[in-house]
Amino acid sequence: MIIRKGKMWDCNDLLTVYQTTRWSEEYTTEEVKEEHRLAGLERWGWLVAEKDDQVIGEIIFRVEPTPNKGLVGIIRSIDVDIRFQKQGVGRQLVSEAESILKKRQAQRILIRSPPTAYNFWMKLGYFGRGKLTWIEDEIENIPVMRTSSISTHRLREFDDLPDSLRFSHLALADSLAKAASDVVDKNEVGRVLEFQREGKPIGAGVVVKKDAKKAEFVADVVPDGLDSFPVIVSRTARAANRWTTTTAFSIVPDDSLGEYIGSGTWDIKEARDIPVTKLL
Ligand SMILES: CC(C)(COP(=O)(O)OP(=O)(O)OC[C@H]1O[C@@H](n2cnc3c(N)ncnc32)[C@H](O)[C@@H]1OP(=O)(O)O)[C@@H](O)C(=O)NCCC(=O)NCCS
């Protein structure tokens, strides 16, 4: 078996891999390609495991700068064809990704793990860190916050996002970037918004339509703009009003939950995924 960089033509084989690992989602090759277009564009690291000329697994990762904790590596996804699982393929993919992330000076790695993969990460030396909380509200219950001091701007490209908003402050690491790429790279129905005060960017929000009724949003703010966070949350979540959606939800780190109070009467429950981490 070899581990090598992924190429767009691997997407045909990856469809077969996903059919065994993500069977609840019905993919087409075209959709797999769309998901990888951004990886192909080098914004992401993308490695595949190949055996007998066939791709049997992949891992997607990148480095994200953080305001005060240096660079973090994010592993967005790893999939190994079920017929080749428990043979060390996942471990090798992670180990290669870790050494690339280390070379790029990441100091630790963060992953949002589904409960079913939690023990895999534990075996590889990762440990659980904090919890994620699911907050949800009817869009009509989220108060409209009119203030002329904060302006809202729609962005069409992720690269239009200013540097100060590229990393996560309150949001779960990578969640803003992931949601923004769902909208701009995968063309999902949604909006990417930037918020400014006195002409300076203070926050960003992305809202993505998930189904006829629900939209997912991610909101973030620079430390200086924390007092404006309720406005950012409200405007981001309420941007879902233009579709048929009636509820907005977000998955937020437990320790930033307090910042959402006041911007809605949220229903709160523990999220399914578990954040895991490892120091490099
Ligand atoms: C998670 C996943 C990538 C693991 O791949 P894999 O190739 O089977 O992993 P490996 O064979 O390298 O396993 C490494 C170790 O973890 C253990 N392990 C793997 N999956 C496990 C699981 N679900 N539960 C408990 N232990 C597990 C293996 O037994 C092995 O332990 P050992 O070295 O002591 O023998 C694979 O199960 C998968 O693709 N799952 C579906 C997608 C998914 O959930 N991805 C995670 C997204 S964050």
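Numbering of ligands and ligand atoms starts at 1, following listing order. Excluded from the calculations below are hydrogen atoms, water molecules and symmetry mates; all remaining heavy atoms, backbone and side chain alike, are included.
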Review point. Counting distance only, does the side-chain N/O of K131 pair as donor-acceptor with the main-chain N or O of P275 below 3.5 Å?
Key: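 The answer is no, because no donor-acceptor pair under 3.5 Å joins these two groups.
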Can [X] and [Y] be counted as an ion pair, charged N to O under 4.0 angstrom?
| X | Y | value |
| --- | --- | --- |
| E188 | K209 | no |
| D254 | R129 | no |
| R154 | E194 | no |
| K213 | D211 | no |
| R22 | E35 | yes |

Polar-atom distance check: [X] versus ligand 1, any N or O pair below 3.5 Å?
| X | value |
| --- | --- |
| T116 | yes |
| K123 | yes |
| L124 | no |
| W121 | no |
| G90 | yes |
| V80 | yes |
| K86 | yes |
| Q85 | yes |

Point to revise | Other residues, nucleotides, ligands: >12 heavy atoms within 6.0 Å of E140 CD | key: no
Check your understanding: Could any protein non-hydrogen atom be found less than 4.0 Å from atom 35 (O) of ligand 1?
Key ->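 Flag for atom 35 (O) of ligand 1 set to false, no protein heavy atom closer than 4.0 Å.
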Check your understanding: Hey, is atom 2 (C) of ligand 1 touched by any protein heavy atom at less than 4.0 Å?
Key -> no
Measure the distance from [atom] to every protein heavy atom, then report the residue, atom name and distance (to 0.1 Å) of the closest one.
| atom | value |
| --- | --- |
| atom 24 (N) of ligand 1 | N119 CB, 3.7 Å |
| atom 45 (N) of ligand 1 | I78 O, 2.8 Å |
| atom 12 (O) of ligand 1 | R91 N, 2.7 Å |
| atom 11 (O) of ligand 1 | G88 N, 2.8 Å |

Exercise for review: Check Q87 against ligand 1 and report side chain, backbone, both or neither, counting heavy atoms closer than 4.0 Å.
Suggested key: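 The answer is the backbone.
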**Study point:** Per-residue contact class, I82 against ligand 1 - non-hydrogen pairs under 4.0 Å
**Key:**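 The answer is neither.
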Could you verify whether a donor N or O on one side chain and an acceptor N or O on the other, from [X] and [Y], lie under 3.5 Å apart?
| X | Y | answer |
| --- | --- | --- |
| T16 | D81 | no |
| E58 | Y18 | yes |
| E136 | W266 | no |

Which atoms of ligand 1 are found less than 4.0 Å from any heavy atom of [X]?
| X | answer |
| --- | --- |
| I111 | 48 (S) |
| A117 | 44 (O), 46 (C) |
| D79 | 39 (O), 42 (C) |

Point to revise | From I268, I251, V233, residue fulfilling side chain to side chain contact (heavy atoms under 4.5 Å, CB included) relative to I135 | key: I268
Review point. Hey, what's the ring geometry for Y126 with W121, parallel, tilted or perpendicular (30° and 60° as the breaks)?
Key: perpendicular
Exercise for review: Return the option from Y18, F120, F84, W23 holding the heavy atom at the smallest distance from atom 14 (C) of ligand 1.
Suggested key: F120
Review point. For atom 48 (S) of ligand 1, which of P114, S77, A49 has the closest heavy atom?
Key: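 Looking at heavy atoms only, P114 sits closest to atom 48 (S) of ligand 1.
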Point to revise | Y118 heavy atom under 4.0 Å from ligand 1 | key: no
Point to revise | Proximity of F61 and W44 rings by center, below 6.0 Å | key: no
